[in-house]
Amino acid sequence: MADGFGILVMTHGDFGKAAMDSAQLIVGEQENYETISVFVVDNLDDLKQEMEEKVKSLDTSKGLVILTDIVGGTPINLASNLLTREDTIIASGVNLPLLLEVLMNRGKEVSELEEVIQAAYAQGLSIRTNKDLEGDDDDDLL
């Protein structure tokens with residue numbers, strides 16, 4: 001049995017797999033997760049079957065967190081079929097800061113993650129322009 005909830009990352013292309021690989025460079029090797037890559041040529045029934053098989057391979061006794069890339073896309077539409085399960089949450093807009101936060105909070109209950117995910121998403125966004133450099137010493141950017 002794995003510590004914490006199972007994680008399924010479903011994205012267009014190999015974005016989810018690459019995000020998990022990058023996250024593991026930062027927080028270490030993870031267990032009890034799967035990724036699904038969705039491509040234009042994929043058959044929806046085949047994707048649904050793959051999703052169900054991957055979820056069955058996970059230890060979801062402590063819940064299931066599904067991370068998808070965009071609202072309204074095939075990954076979240078397919079994942080929504082899993083909302084009939086207890087202790088399941090789906091979050092779209094996955095990015096590396098959000099994924100890291102989810103991985104570092106695997107000891108929490110799935111019911112506690114909605115707030116964690118929303119905060120991570122908001123804190124992971126930063127927009128900078130050259131106006132941010134006005135009055136700054138170039139050494140501050142290193």
Flag side-chain contact, heavy atom, 4.5 Å: Asp87 against Lys62: no

Any donor-acceptor N/O pair, Gln30 side chain to Gly28 backbone, under 3.5 Å: yes

hydrophobic_cluster_shared for Leu113 and Met104, side chain cutoff 4.5 Å: yes

Nearest-0.5 Å distance, CG of residue Leu67 to OG1 of residue Thr11: 10.0 Å

Check: Asn32 side chain, Asp59 main-chain N or O, donor-acceptor pair, under 3.5 Å: yes

Validation row: Arg85, Val55 side chains within 4.5 angstrom (heavy atoms): yes

Main-chain N/O of Lys108 paired to Asn105 side chain as donor or acceptor, under 3.5 Å: no

Heavy atoms from other residues, nucleotides or ligands near NZ of Lys17 exceed 12 (cutoff 6.0 Å): no

Pairwise distance NZ(Lys54) to CG(Leu47) - rounded to 0.5 angstrom: 10.0 Å

Heavy-atom closest pair, residues Asn81 and Thr84: O-OG1, 3.7 Å

Side chains of Val110 and Val65 in contact at under 4.5 Å (non-hydrogen atoms): yes

Criterion side-chain contact (heavy atoms from CB on, under 4.5 Å) against Ser111, the qualifying member of Glu109, Glu114, Glu115: Glu109

Atom pair CG (Leu8) and OG1 (Thr88), whose distance is rounded to the nearest 0.5 Å: 10.5 Å

Single-linkage hydrophobic cluster, 4.5 Å side-chain cutoff, Ile7 and Leu83 together: no

Common cluster, Val27/Ile117, ILVMFWY with side-chain heavy-atom separation under 4.5 Å: yes

Nearest non-hydrogen partners of Arg106 and Gly6, listed with the distance: NH2-CA, 4.2 Å

Euclidean distance, Leu58 CG relative to Glu53 CD, rounded to 0.5 Å: 12.0 Å

Distance in Å, Glu86 CD paired with Thr60 OG1, rounded so as to fall on 0.5 Å steps: 11.5 Å

Separation of Thr74 OG1 from Ile36 CD1 (nearest 0.5 Å): 12.0 Å

Closest non-hydrogen atom pair between Leu103 and Ala23, with its separation: CD1-CB, 3.6 Å

Contacts of type side-chain hydrogen bond (donor to acceptor under 3.5 Å, both in side chains), residue Gln123, not counting sequence neighbours: none

Carboxylate-amine/guanidinium contact Lys56 Glu52, below 4.0 Å: no

Close side-chain approach of Asp69 and Pro75, heavy atoms under 4.5 Å: yes

Side chain Ser37, main chain Gly13, donor-acceptor under 3.5 Å: yes

Greater than 12 external heavy atoms within 6.0 Å of Tyr121's OH: no

Shared hydrophobic cluster, Val116 / Tyr33 (ILVMFWY, side-chain heavy atoms < 4.5 Å): yes

Residue Gln24 excluded, over 12 heavy atoms near CD under 6.0 Å: yes

Nearest heavy-atom neighbours spanning Thr68 and Ala79: CG2-CB, 4.3 Å

pair Phe15-Asn95: side-chain heavy atoms closer than 4.5 Å: no

Heavy-atom pair of closest approach, residues Ser92 and Ile76: CB-CD1, 3.7 Å

Side chain Lys48, main chain Leu78, donor-acceptor under 3.5 Å: no

Shared hydrophobic cluster for Val102 and Ile26 (ILVMFWY, side-chain gaps under 4.5 Å): yes

Minimum-distance pair of heavy atoms, taken over all atoms of Ala120 and Pro97: CB-O, 4.3 Å

